[in-house]
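Here the structure comes first, spelled out in structure tokens, and everything after it is commentary.
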Amino acid sequence: MSAVLNAPNDASNASASSNVSTVSPSPAVTKIHQSDLDTTHRALRFLTAGSVDDGKSTLIGRLLFDSRAILADQLDTLAKRAAGQPIDLSLLTDGLEAEREQGITIDVAYRYFATKQRKFIIADAPGHEQYTRNMVTAAAGSDAAVVLVDVTKLDLSVDDVPLLAQTRRHSLLAHLLRVPSIVFAINKIDAAKNPGDAFRKVSAALEKFASAAGIRVTAVVPVSALRGDNVTQPLEADWYDGPSLLQVLESLPTVQETVEAPLALPVQYVAKDGDGTGNNPRVLWGRIAQGQVQVGDEVQILPSGQTAIVGELRRAGEPVATSVAGESAGLLLDRQVDVSRGDWIVAPGAATPRRTFEATLAWIDTEPAVLGRKYWVRHGNRWVQARIAAIDHRLDIQTLAETEAHELSVNEIGHVTIELQAELPLQPYADNRVGGALIVVDPTSNRTSGALLVR
């Protein structure tokens with residue numbers, strides 16, 4: 001596990017720090033000043049994470065409210081529900097009846113808002129341990145994670161403030177899933193007797209944890225989601241001179257797929273080109289996970305290993321000369337090759353199919369992961385049977401130590417060895433988030449049981 005946890009995030013994570021700061025007080029935390037902020041116009045997808053009742057839904061409601069992204073009828077409904085009391089902004093994201101009744105977030109809620117500088121897509125992830133799978137789903141497609149820390153739940157009487165387990169777990173999962181930018185928001189700072197001292201102590205605890213886990217933190221900001229302190233407008237306090245949370249979010253980069261790398265394209269759909277009978281060419285469609293492809297390039301089909309030349313390239317139904325990572329493309333080859341959904345089109349020799357590999361396993365099923373049991377795993381668009389051949393160790397969330405384990409329980413993270421029934425062209429997850437990720441499905445219940453990150 002240490003190889004994964006102590007490895008730095010990808011290049012996009014590194015650029016996140018360099019874009020927003022020139023001051024680095026420690027290897028783990030980057031301090032951001034207003035004068036250092038960079039802006040971009042690309043939409044940012046970010047999630048809010050952290051423990052239950054840390055104020056994630058309220059924070060999103062505050063962002064929506066202050067950015068005037070709430071319709072008048074929504075405000076009227078909230079005002080009626082409040083019955084003269086302050087409006088509960090968390091109700092803007094808690095859409096399920098069960099969520100409103102219990103006052104918790106169960107499913108991931110997506111919201112959209114925009115400022116003059118940028119557009120945002122927010123994923124409000126649940127904080128309860130039993131809904132960690134939903135947090136993983138939200139993190140997998142995010143450019144950034146805002147991990148909330150409720151200052152009222154922490155023991156501020158000691159200098160070495162202990163963090164909550166879910167704060168640690170969600171931060172580790174966001175890091176393992178290569179979310180490029182991780183921001184800690186210390187919430188309910190207005191409830192602390194000494195806000196400056198509380199911010200200093202909690203920031204130090206977060207810095208210590210992040211450094212031990214190998215997490216590069218983009219920023220640590222104090223906020224009060226309920227009152228709106230330092231959410232959209234900078235906080236005026238002698239103990240904090242940094243930007244607001246919104247200013248940090250406006251500065252963050254989006255995930256960029258690696259173009260300067262060998263081609264990797266998982267085939268999603270094979271379509272016949274033209275009508276009628278006869279030897280019609282086929283178009284191989286998929287979203288390029290890495291690299292680029294041009295007309296005339298030689299490519300290799302995996303797992304068969306056959307090679308061919310790209311005779312024609314299409315994007316959105318139109319012929320193009322080149323297509324790059326992040327784009328959906330259709331390839332017509334110069335000869336008939338057996339290609340099906342689930343195959344991979346790669347640069348010749350760029351990937352070697354294998355049956356056995358080591359991985360970090362984040363387990364999210366109530367039924368534990370056990371040695372020898374068979375599961376279904378999905379890699380790209382292919383399903384293959386697999387079994388856990390070895391559980392090398394489990395990560396202790398509190399101490400970050402590697403401990404001996406023979407099974408992994410719900411919400412545990414471990415280092416495992418997997419044996420596949422058929423070969424797959426796997427890549428390290430640190431190099432390619434598509435080629436290095438697999439989901440694990442229980443064949444009996446059909447539940448998504450875990451996420452495998454190839455080491």
Side-chain angles (χ1 to χ4, degrees), residues 9-21 32 34 36-49 56-57 59-71 74 89 92-93 95 105 107-125 134-148 170 174-175 177-185 216-219 221 223 225 231-233 243-259 287-290 315-316 323-329 432-434 437:
N9 271 0
D10 56 2
S12 60
N13 198 348
S15 66
S17 300
S18 59
N19 283 346
V20 298
S21 176
I32 302 180
Q34 295 182 43
D36 299 321
L37 291 176
D38 179 30
T39 57
T40 177
H41 293 287
R42 297 191 62 179
L44 182 82
R45 300 176 63 96
F46 73 93
L47 81 146
T48 56
K56 298 180 293 297
S57 298
L59 177 67
I60 294 177
R62 172 59 62 184
L63 286 169
L64 297 175
F65 183 82
D66 288 355
S67 62
R68 299 181 180 179
I70 306 174
L71 299 177
Q74 290 179 300
L89 295 175
L92 289 169
T93 57
T105 299
D107 200 1
V108 180
Y110 293 91
R111 292 295 182 267
Y112 165 88
F113 78 101
T115 65
K116 292 181 179 180
Q117 285 73 31
R118 197 164 197 185
K119 297 177 180 178
F120 299 91
I121 301 172
I122 319 173
D124 182 18
N134 295 342
M135 179 270 168
V136 172
T137 300
S142 294
D143 302 308
V146 177
V147 182
L148 271 75
H170 282 192
H175 170 64
L177 291 167
R178 287 180 61 207
V179 177
S181 301
I182 298 178
V183 177
F184 285 111
R216 172 173 287 180
V217 181
T218 304
V221 297
V223 298
V231 177
T232 59
Q233 299 298 322
S244 68
L245 176 62
L246 181 60
Q247 287 177 313
V248 173
L249 293 173
E250 288 176 337
S251 74
L252 299 180
T254 54
V255 173
Q256 300 291 320
E257 289 84 357
T258 306
V259 175
R287 187 176 186 270
I288 300 177
Q290 174 184 281
R315 188 170 66 243
S323 191
V324 300
E327 297 178 345
S328 294
N432 188 333
R433 295 207 298 183
V434 178

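When all heavy atoms are compared, the tightest approach of L47 to A139 is CD2-CA, 4.0 Å. Nearest heavy atoms, P180 versus V255: CG-CG2, 3.4 Å. In this structure, A123 and A138 approach most closely via the heavy-atom pair CB-CB, 3.9 Å. Of all non-hydrogen atoms in L44 and P253, the two that sit nearest each other are CD1-O, 3.6 Å. M135 approaches A174 most closely through the heavy-atom pair CE-N, 4.2 Å. Among all heavy-atom pairs drawn from I288 and A329, the shortest one is CD1-CB, 4.3 Å.
With sequence neighbours left out, F184 forms a ring pair (Phe, Tyr, Trp, His ring centres under 6.0 Å) with no residue at all. Partners of A114 by side chain to side chain contact (heavy atoms under 4.5 Å, CB included), not counting sequence neighbours, listed by chain and number: Y112, K119. Remark: E327 engages R315, S323 in a side chain to side chain donor-acceptor pair (under 3.5 Å) (not counting sequence neighbours). Scored by the ring pair (Phe, Tyr, Trp, His ring centres under 6.0 Å) test, F46 finds no partners at all (sequence neighbours excluded). Qualifying side chain to side chain donor-acceptor pair (under 3.5 Å) partners for N432, counting only residues two or more places apart in sequence or in other chains: Q290, Q427. Scanning for salt bridge (charged side-chain N to carboxylate O under 4.0 Å, His left out) contacts around R45 gives an empty result, with sequence neighbours left out.
Proximity of D124 to S57: side-chain heavy atoms (C-beta onward) are separated by under 4.5 Å at one or more points. Contact of the K56 side chain with the I60 side chain is not registered, since no non-hydrogen atoms from C-beta on lie closer than 4.5 Å. Residues T115 and E250 are in side-chain contact: their nearest non-hydrogen atoms beyond the backbone lie under 4.5 Å apart. Under the 4.5 Å side-chain criterion, counting only non-hydrogen atoms from C-beta, L252 is in contact with T218. V183 is not listed as a side-chain neighbour of V217, based on a closest heavy-atom distance of 4.5 Å or more. Under the 4.5 Å side-chain criterion, counting only non-hydrogen atoms from C-beta, Y110 is not in contact with I122. Here the side chains of L245 and L59 are in contact, with some heavy-atom distance below 4.5 Å.
Proximity of a side-chain donor or acceptor of S142 to a complementary backbone N or O of A145 within less than 3.5 Å is not detected. The backbone N or O of A225 sits less than 3.5 Å from a side-chain atom of R62, completing a donor-acceptor pair. Panel note: side chain R178, backbone A140; no donor-acceptor pair is recorded below 3.5 Å.
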Criterion side-chain contact (heavy atoms from CB on, under 4.5 Å) on F120 and L246, from CA distance to verdict:
CA-CA 10 Å; F120 299 91; L246 181 60; 4.1 Å; yes
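Under the 3.5 Å distance criterion, with hydrogens and angles disregarded, no donor-acceptor pair is assigned to the side chains of D143 and T254.
The CZ atom of R111 sits 13.0 Å away from atom CG of L63, with the distance rounded to the nearest 0.5 Å.
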